[in-house]
Amino acid sequence: MARVPDKPTLEGLERRFIAEWDANGVYLFDRTRQRSEVFAIDTPPPTVSGSLHVGHVFSYTHTDTIARYQRMRGKAVFYPMGWDDNGLPTIRRVQNYYGVRCDPSLPYDPTFQPPDEPHSPPIDVGRRNFTELCRQLVAADEVAFEELFRRLGLSVDWNYLYKTIDDRPTKVSQVAFLRNLARGEAYQQEAPTLWDVDFRTAVAQAELEDRELPGASHLLTFHRGDGADDLMIDTTRPELLAACVAVVAHPDDKRYQTLFGTDVTTPLFGVNVPVLPHELADAEKGTGAAMVCTFGDLTDVTWWRELDLPIRAIVGRDGRVLAEPPGAISDADARARYARLAGKTTKQAQAVVVELLRETGELVGDPRPLKHPVKFYERGDRPLEIVTSRQWYIRNGGRDDKLRAIFLELGRELTWHPEFMRHRYESWVAGLTGDWLISRQQQFGVPFPVWYPVTADGTVDHDRHIVPAEDALPIDPSADIPPGYTESQRGQPGGFVGDPDVMDTWATSSLSPLVGGRWLDDDDLFARVFPMNMRPQAHEIIRTWLFSTVVRSYYELGALPWSDAALSGWILDPDRKKMAKSKGNVVTPIAYLDTYGSDGVRYWAASARPGVDSTFDEGQMKIGRKLAIKLLNVSKFVLGFNHGEPVAEAAITHPVDRALLTRLARVVSEATTAFDAFDYARALERTESAFWSFCDDHVELVKGRSYGVAGDNAAASATASLQVALSTFQRLLAPFLPFVSDEVWSWWQEGSIHNAPWPRLDADGDDAVLAAAGWVLGAVRKAKTEAKRSMRSPVELVVVRAPSASLAGVEAARTDLIEAGSIATLRLEESEEPETIVTLAADPAL
RNA sequence: GGGCGCUUAGCUCAGCUGGCUAGAGCACCUCCCUUACAAGGAGGGGGUCGGGGGUUCAAGUCCCUCAGCGCCCACCA
């Protein structure tokens, strides 16, 4: 006996089912299943910084529909969640929220309590205190994140939740790093690196972005001896003149042939620098001759390295000109000029240099304003500088073509959804110019588990690493002591120091399949889930997260981390701009979940093609809600026949009903194929359109027969087919509308629909019957509408003229048509030209 | 400069390996309270499928080309 409410409603479904699913363990991962029976998802751990926005709802829903489909296909779905609470966003928030700053040199203060209000000026605290504040602050956000994801109906197994800040992920990061180090895949190097002067940290190539900035071209005079003509050089960065180490021109540039190998003297500072040929110099740009500074841009680094030039650094890590000039600036006037620059930001220094050049007459004309692209750290506010520093790197093929070829090949073995996304991986890997810089000069993150010996004279020996045993991890070298030492030896001659840096957040994220699968900690589990099936993620982090995961997985396990990568698009606001926190146009999802229900919002998300940027569209949510309501109502109606008791499928003998099953079988097949290809949107579209046609046409057609107007057998056939269709549609819609589908399922089935098997149908009916019947019914409806009659109004005569094949279909549906259309006489006439003539009964109102 | 994607009704978008008069939803108009649903239903108006060329019996769909928009990569004097 079906338990159908008198007045079906969507109200309260979310709260009820969230609790029910939890209580019944509907989404628990069955870890007894073998790898071949598991579908494992490498879920993106969202960055915990504030709140989730509608973009999260969008992409996480995509993944969830696939998880639900695979679960219904009988797979044990490994669907963990993680919180990425590492990294700069958290640091920034903690600094601002409490008004504190981390000073790693300070000891831990167990009694420290954060101020109630942001403290100004910021209070300096030790790294461990700072970390504790980070944990406190993210904890509240994480509760809200979990609540939202549950509300949205994500079928995550929350038992596998992890936080990147926790010991286990930290240990995974440190172990993997030490193994990289031992195998030579990680190394340390002192070299010019891109440097953010505000965050005071090195940044990686993958975190750069170009911004178009106004600048100016300055024409400078470099002097040649013996009264020869001056050498003119155009530069946008005259403030780096003191850092000039050479002048380069293209080897074929006729203008400079005689100068190659000679020296010229720099303006203002009178330093002799060589004029050298190099392929990268462009005869078309400026005067064709460029000054090489240490370092103005990445090309300078190349010239410096390949031409074996000295270093004359003048910009410090704070972005200001260093107090002391390079040794090459020896002349007293030159040193006096330099003194006017010292301590200034590069921007201020530029103004001073221009002034000085005007005084000496070495600036030709005025600076000519231009716009040019400048490299920024993607989270930064000021242009990057290049400074020499000691950093950790992981080899990624950027300096090794054989390795690069391996990573390119791995990218080709990966299945991409949509397929064209592989181009982004290809062009990124092909264009790498250096290894992956993983160290950051930050206080909060996974520390490098390395100490260095301090020699007897007090210098740190960076060439020797003291590393802990794996089973001692995780460690913090600024708090923990290397084996064989005591805390009193920290920083002392003959003692040790800890590596002060932390790993970039991607260095941890790149291990997400290992962290999620509990590598090291639970080998049995890991063997059942790795390599994973699916990596869902946004397309703009292919170069960071996706690529780095491929790299780490290759090093640690010699395999691709997953078989399939599913890239989601962006949410655009109505002005077609990407919704992003930094753009200030994000939409908070809660209000929409309240208004349209989780199912409605999920419908909107699932309507967007995989990988395609999609406009935020409230209208789609409204449609989703209507779909959910329709499912309630049609379920109620179908379950009203035979008191909701199941009727054996064997009763389905009527040609109209058999045609329905054939249509259903096709829809199931299309949805299945689409889902297998990760195309949730197509699965939804096929299902939805078949569902509406079922409700509006088929149900109307067989309604009368279901009530019994054509006898018990005909009624049983209709009822049984309606039940099959209902069961099928409920399950096809379950991945998209998990709440309402489980509600209607609960009216007549045992257990959650989300643990029910995905529908399978074999049918051999002739669905031309439905096409023919639909055509006639449509004509009848049209006639009634045009006559402004009710759909119930009687029809005296319908004459159907069509080829015999179509007539056979109409004949098969005769009783249903007569009933559905209130037709007194239905006459069929064979004809080449299909035509339906409807004669309405006299209007009783007239 | 190289690459990728997009351009179909007023709006948001489907249209998969070329094939019946190009579809859906929203919006708009008309009608219908029919006992699953008025939070519904029936019907209608509206498109030379970005431009041009080509292949084909047949092109929104394939090829070439141009244009606009977006993105990725590279350049950055």
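Note that the coordinates shown come from a computational prediction; the quantities given were computed from them, not determined experimentally.
Under 4.0 Å is where a charged nitrogen must lie from a carboxylate oxygen, and between E385(A) and R237(A) at least one such pair does. Residues R781(A) and D697(A) are paired through a salt bridge, judged by an N-O separation under 4.0 Å between the basic side chain and the carboxylate. Salt-bridge annotation for E426(A) and R412(A): present, with a side-chain N of the basic residue lying under 4.0 Å from a carboxylate O of the acidic one. Using a cut-off of 4.0 Å between Lys/Arg side-chain N and Asp/Glu carboxylate O, R792(A) and E700(A) are scored as not salt-bridged.
When every heavy atom of L840(A) is checked against every heavy atom of A783(A), the shortest pair comes out as CD1-O, 4.0 Å. Nearest heavy atoms, H62(A) versus S568(A): ND1-CB, 4.0 Å. The shortest non-hydrogen separation linking V203(A) to Y377(A) is CG1-CD1, 3.6 Å.
Between T299(A) and C76(B) there is a side-chain polar atom (N or O) within less than 4.0 angstrom of OP1 or OP2. Contact check, R543(A) against C72(B): no side-chain N or O comes under 4.0 Å of OP1 or OP2.
Using a 3.5 Å distance cut-off with no hydrogens or angles, the side chains of Y707(A) and E819(A) do not pair a donor with an acceptor.
A distance of about 37 Å separates the C1' atoms of C6(B) and U30(B), rounded to the whole Å. Between A27(B) and A22(B), the two P atoms lie 25 Å apart (nearest whole Å). Spacing between U12(B) and G3(B) at atom C1', rounded to whole Å, works out to 28 Å. Comparing G15(B) with C73(B), their P atoms are spaced 27 Å from each other, to the whole Å. With both ends at atom P, the span from G45(B) to C29(B) equals 16 Å, rounded to whole Å. For G68(B) and U8(B), the C1' atoms lie 16 Å apart once the distance is rounded to whole Å. G25(B) and A14(B) have their P atoms separated by 16 Å, with the value rounded to a whole Å. Comparing G10(B) with C28(B), their C1' atoms sit 9 Å apart, to the nearest whole Å.
Contacts of L10(A) with the nucleic acid, taken as non-hydrogen atoms under 4.0 Å apart, are absent. Backbone-only engagement by K782(A) is indicated by non-hydrogen atom pairs under 4.0 Å involving sugar-phosphate atoms exclusively. Here A674(A) lies out of heavy-atom contact (under 4.0 Å) with every strand. When heavy atoms are screened at a 4.0 angstrom cut-off, S689(A) is found touching no nucleic acid atom at all. Nucleic acid contact class of Q205(A) (heavy atoms, under 4.0 Å, all strands): sugar-phosphate only.
With hydrogens and angles disregarded, a donor-acceptor distance shorter than 3.5 Å links the side chain of R404(A) to the backbone of L432(A).
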Side chain to side chain contact (heavy atoms under 4.5 Å, CB included) between L357(A) and E362(A), worked out:
CA-CA 5 Å; L357(A) 286 164; E362(A) 289 168 312; 3.9 Å; yes
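Side-chain contact between L631(A) and F691(A) is present, with heavy atoms from C-beta onward closer than 4.5 Å. For the pair T433(A)/T302(A), no side-chain contact is recorded, criterion being any heavy-atom separation below 4.5 Å from C-beta on. Side-chain atoms of R312(A) and V273(A), non-hydrogen and from C-beta on, do get closer than 4.5 Å to each other.
The interatomic distance linking L208(A) (CG) with C76(B) (P) rounds to 14 Å, in whole Å.
Looking at D613(A), its side chain has no donor and acceptor atom pair within 3.5 Å of the base of C6(B).
Between F58(A) and W604(A), the ring center distance clears the sub-6.0 Å criterion. A distance of 6.0 Å or more separates the ring centres of Y603(A) and F736(A).
Nearest nucleotide to the R781(A) side chain, out of A74(B), A42(B), A36(B): A42(B). Nearest to the side chain of K630(A), among G40(B), C75(B), U12(B), sits G40(B). Nearest to the side-chain atoms of I629(A) among the listed nucleotides A36(B), A39(B), A42(B) stands A39(B).
Here D6(A) pairs with nothing under the salt bridge (Lys or Arg N to Asp or Glu O under 4.0 Å) rule; sequence neighbours left out.
Projected onto RNA chain B by closest heavy-atom contact, V638(A) and I233(A) fall at different nucleotides, the more 5' of which corresponds to V638(A). Projected onto RNA chain B by closest heavy-atom contact, W692(A) and A289(A) fall at different nucleotides, the more 5' of which corresponds to W692(A).
Exactly one of Q723(A), Q730(A), E645(A) qualifies for a side-chain hydrogen bond (donor to acceptor under 3.5 Å, both in side chains) with W748(A). That residue is Q730(A).
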Show the distances under 3.5 angstrom between N or O atoms of the protein and N or O atoms of nucleotides 31-35 of chain B.
| from | atom 1 | to | atom 2 | distance (Å) |
| --- | --- | --- | --- | --- |
| U35(B) | O4 | R792(A) | NH2 | 2.9 |

Report all interatomic pairs (protein N or O, nucleotide N or O of nucleotides 14-16 of chain B) with separations under 3.5 Å.
| from | atom 1 | to | atom 2 | distance (Å) |
| --- | --- | --- | --- | --- |
| C16(B) | O2 | R682(A) | NH2 | 3.0 |
| C16(B) | N3 | R682(A) | NH2 | 2.8 |

Where do N or O atoms of nucleotides 3-5 of chain B meet protein N or O atoms at under 3.5 Å, pair by pair?
none

Give me, pair by pair, the N or O atoms of the protein and of nucleotides 26-29 of chain B that are less than 3.5 Å apart, along with how far apart they are.
| from | atom 1 | to | atom 2 | distance (Å) |
| --- | --- | --- | --- | --- |
| C26(B) | OP1 | K626(A) | NZ | 2.8 |

Taking Watson-Crick and G-U wobble contacts under 3.5 angstrom, with | marking pairs to another strand and [ ] crossing pairs, the secondary structure of RNA chain B is written (((((((..((((.....[...)))).(((((.......))))).....(((((..]....))))))))))))....
